[in-house]
Novice: 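Below is one structure. I have some questions about it.
Remember, predicted model here, so these are calculated numbers, not experimental data. Order of the sequence lines fixes the chain letters, A, B, ..., with proteins taken first and strands second; residue numbering starts at 1 for each chain.
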Amino acid sequence: MERAELLEQATAAKQAQKRIRIHCCTSTGCQASQSLDVKKQLDNAIKTHNLGDTVEAVGVGCMGFCGQGPMVQGPMVEIEDADAPAEKKHYQKVTPEQAESIIGSLNGSGEAEAIQGDPNHPFFSRQLLIVREHSGRIDPERIDEYLAVGGYQALHHAIYEMSPADVVQEITQSGLRGRGGAGYPTGLKWATVAKMPPGQKYIICNADEGDPGAFMDRSVLESDPHRILEGMAIAGYAVGATQGYIYVRAEYPLAITRLQKAIQQAKRKHCLGAQIFDSPVDFTIEIRVGAGAFVCGEETALISSVEGGRGNPRPRPPYPAVSGLHGCPTLINNVETLGNISPIIRNGAEWFAGIGTERSKGTKIFSLTGKIRNNGLIEVPMGITLRQIVEEMGGGVPGGNSVKAIQTGGPSGGCIPDRELDTPVDYDSLRELGSMMGSGGMVVMDDDTSMVQVAQFYMEFCRGETCGKCIPCRAGTMQMYQLLTKLLDEKATKRDLDKLKELCDMVQATSLCGLGQTAPNPVMSTLHYFEHEYLELLQPDPVTLAANSRG
Amino acid sequence: MGTETHRDVVNRLSPFPYSLFPVPYSLFPIPYPLSPMSVVTLKINDIDVAAEAGKTVLDAAREAGIRIPTLCHLDGVSDVGACRLCLIEIKGIPKLLPACVTEVAEGMDVTTHTPQLDEYRRMTVEMLFSEGNHVCAVCVANENCELQDVAIEVGMDHSRFTYRFPERGVDISHPQFGIDHNRCILCTRCVRVCDEIEGAHVWDVAGRGAAAKVITGLNQPWGDVDACTACGKCVDACPTGSIFRKGSTAAELDRDRGKLEFLVKAREENQWTR
């Protein structure tokens, strides 16, 4: 297929769209607050107002402001037009009854009844959208919408204009690092798989997002599934793999349906499957659904699960890049990492490398939750400070309390105290603070939060999610949980606290996989920054007490 | 390959037979190494050790007479690196690595025992004792138990951790064998030996975390599993008294009181009947 033909398809898809679009979020979050009914009422209102020729209500992906859903945006006017209503509006917490008035307000007569948000609020204006550039703007269930915004052109460009080595080189130069948490350089990973001798190789997209309070990957998959398929196909071309798997957790049914639809449509358009765009490049993608184990986000456990085995991690090396799925070289990337690929190919490595800090390039999506006024998804350039995120974008803590700590990185991360809020957000700074970037969960805690309880919560999570293969993680998390419970019951002594510290060190040093090695992090970071909260709970040691009373 | 002569090599590599065109050694030096098997040298606890490439550090250490405690390792089946007892320090690698799955490499500098490693090992064994119900005095494997041996080796005399006394079951539905989950340390040796050597794959692991346990068949009573060939390899593989042969437990001990009567009768009345 010629490039011109693809561009023609894009133009045709664009022309097929109505002049005025009303976007209604249909992601899981907004669906839970009846956004599907809102969409239905919008459609009805368009019919009753006889606006069917010019106006359409489009069910789109996540717009980010999930705490205020259902979100409706519009009128979106793609083509410059004098008669078109100029200003686009953000409607929040829209009810199905309000749909009628939104459509009614289109001709300028009267105001819509729905609550209007400020589109220039820092929550939106401070964002820089790369991975979420189309989220909330296109209908994820129709490939035409993706083609209309230039979809699959990066894949076409890679296949026809670049050699596989060029693609790897481009990714390396962009400075992109893995968005799954650890921040391993993506280019290096690709180069390792590409340099393995030719033969069967695999691409796996890790969509087993399981951190409590994290929903970035779900949103990307639900809002723009084709972007992930395109990223995987480019990766497949670059490293010489013809088969890809997307490992999604079963708790994301909407993401799974949309991915399945996307794969079917992409195959029909020759953007996937055998001989992509009539070139000799083949790439097929299959979905594998997880069975609810957090540990399957660990790459070796994930591979074992894709193979049909029990999701147990195995010791590394050999790394999956050398010996992964069925013993073949396997490239495993996180959803967000793969979402960055097509913009990098489209705009060039230099453009990407110009965003962010020296050692962390690009943007990062965070799911901002907890004690915060504006919660939802934000995509911010690396290097933005935590204070800007929490105070400007998040709007601070509701109810007059102040921020006490921010938890990043889920059960593998740690708590960052308020005095470190001016730290720039990048892989290395967060690690220095004893936390980590993680996959992007960001939970804000206020003064009322007990940090020991926070540590206990995460330890309870790890205790329940450890696979049980290695002893330090299986028995160590259990012992740590018991000690934390004892502390909170105000029955623990100094000796118990010392034991807890020893356990943290031991579990971290000796566990088999990342889950166990990072499980003590929430305890260690809260112990480091909030030790007084632990000390306040301690009881006098009965032995010393007895000795003193006797003496 | 090791016994290949200069003539053999020339015959193999040169298009002309050696007998017709004898080639002097200087013109056709033998490309070393001849053998595909190579040997690396490494240091274990400051002792120079030569080991075949592809062997694990655990093998090399054993050959050199250096003992590294293990529980999940079993000669003859694959290694999983689960018990974390064989963790070693390798110079230049920040993480501790399990000796049973780490291949030897040229110039590797390995330390198998440091106060820190010994402490970790002790804690690991303490955790094992506190998470199950390990009561040596009433166990079939008493004095013939690898967990007990390792506890002695790492110097564990008591556990600093809270004993959890979990409620776990016993399955004696199999006619010949039984499994007492209270004594199981989840080393998965039974799983591997049944899968890799017997080829029956009767055993597997189910559940997560504290609920993880080895199961037979599809979590059926062992006696109902048709795949079991009753070969007894799992009994031999089990490091503790968890999987045992029936009749060997203390409760099943059958005392032959009649024999005493018989002996007395035989001695006093010269009647050799029972």
Novice: Against chain A, work out which of B:Arg164, B:Gln116, B:Lys95 has the most heavy-atom pairs shorter than 4.5 Å and name it.
Specialist: B:Arg164

Novice: If I measure from the heavy atoms of chain B, does A:Gln517 come under 4.5 Å with its side chain, its backbone, both, or neither?
Specialist: side chain

Novice: Passes salt bridge (Lys or Arg N to Asp or Glu O under 4.0 Å), A:Arg495 versus A:Asp541? Steps please.
Specialist: CA-CA 8 Å; A:Arg495 242 187 271 181; A:Asp541 190 355; 3.2 Å; yes

Novice: Side chain, backbone, both or neither: which part of B:Ala206 has a non-hydrogen atom closer than 4.5 Å to chain A?
Specialist: backbone

Novice: Contact part of A:Arg310 toward chain B, heavy-atom cut-off under 4.5 Å: side chain, backbone, both or neither?
Specialist: side chain

Novice: What's the shortest heavy-atom distance between B:Ile68 and B:Ala99, and which atoms?
Specialist: CD1-CB, 4.0 Å

Novice: Just to be sure I understand the criterion: a residue of residues 70-86 of chain B counts if one of its heavy atoms is under 4.5 Å from a heavy atom of chain A. Which ones qualify?
Specialist: B:Val80, B:Gly81, B:Ala82, B:Cys83, B:Arg84

Novice: Using a strict threshold of under 4.0 Å (side-chain N to carboxylate O), is an ion pair present between B:Lys233 and B:Glu196?
Specialist: no

Novice: Can you confirm whether more than 12 heavy atoms, excluding those of B:Asp46, are under 6.0 Å from its CG atom?
Specialist: no

Novice: Heavy-atom distance under 4.5 Å to chain B: side chain of A:Lys499, backbone, both or neither?
Specialist: side chain

Novice: Do you know which two heavy atoms are closest between A:Ala291 and A:Tyr247, and how far apart they sit?
Specialist: N-OH, 4.2 Å

Novice: State which residues pass salt bridge (charged side-chain N to carboxylate O under 4.0 Å, His left out) with A:Glu251; sequence neighbours excluded, sorted by chain then number.
Specialist: A:Arg249

Novice: Under 3.5 Å, sequence neighbours excluded: what are the donor-acceptor pairs made by side chains of residues 153-160 of chain B?
Specialist:
from, atom 1, to, atom 2, distance (Å)
B:Glu153, OE1, B:Arg67, NE, 3.1
B:Glu153, OE1, B:Arg67, NH2, 2.8
B:Glu153, OE2, B:Arg67, NE, 3.0
B:Ser159, OG, B:Glu126, O, 3.2
B:Ser159, OG, B:Phe161, N, 3.2
B:Arg160, NE, B:Glu126, OE1, 3.0
B:Arg160, NE, B:Glu126, OE2, 3.2
B:Arg160, NH1, B:Glu119, OE2, 3.2
B:Arg160, NH2, B:Glu119, OE2, 3.1
B:Arg160, NH2, B:Glu126, OE2, 2.9

Novice: Please determine whether side-chain contact (heavy atoms from CB on, under 4.5 Å) holds for the pair A:Lys494 and A:Asp498, giving the CA-CA distance in whole Å, both sets of side-chain angles, and the decisive distance to 0.1 Å.
Specialist: CA-CA 6 Å; A:Lys494 176 84 176 42; A:Asp498 292 342; 3.2 Å; yes

Novice: At their closest point, which heavy atom of B:His113 faces which heavy atom of B:Leu117, and how far apart are they?
Specialist: N-CD1, 4.2 Å

Novice: Sorted by first residue and then second, give each ring-ring contact (aromatic ring centres under 6.0 Å, His included) pair with at least one member in residues 122-144 of chain B; sequence neighbours left out.
Specialist: B:Phe129-B:His134

Novice: With respect to chain B, which residue among A:Lys486, A:Glu465, A:Gln479, A:Glu502 yields the maximal number of heavy-atom pairs within a distance under 4.5 Å?
Specialist: A:Gln479

Novice: With chain B, which of A:Pro313, A:Cys473, A:Pro317, A:Pro315 has the greatest number of heavy-atom pairs at distances under 4.5 Å?
Specialist: A:Pro315

Novice: Which bit of B:Glu103 is near chain A, if near means a heavy-atom gap under 4.5 Å: side chain, backbone, both or neither?
Specialist: neither

Novice: Among A:Leu503, A:Thr477, A:Leu483, which residue has the highest count of heavy-atom pairs closer than 4.5 Å to chain B?
Specialist: A:Leu503

Novice: Measure the spacing between OH of A:Tyr481 and SG of A:Cys462 and express it to the nearest 0.5 Å.
Specialist: 12.5 Å

Novice: Heavy-atom cut-off 4.5 Å, strictly under: side chain, backbone, both or neither for A:Asp505 against chain B?
Specialist: both

Novice: Is it the side chain or the backbone of A:Met478 that comes within 4.5 Å of chain B heavy atoms, both, or neither?
Specialist: side chain

Novice: Run the side-chain contact (heavy atoms from CB on, under 4.5 Å) test on A:Glu533 and A:Thr526 for me, step by step, so that the C-alpha distance in whole Å, both residues' side-chain angles and the decisive distance to 0.1 Å come before the verdict.
Specialist: CA-CA 9 Å; A:Glu533 291 195 24; A:Thr526 47; over 6 Å; no

Novice: For chain A, which of B:Ala212, B:Ala210, B:Pro98, B:Gly209 has the most heavy-atom pairs under 4.5 Å?
Specialist: B:Gly209

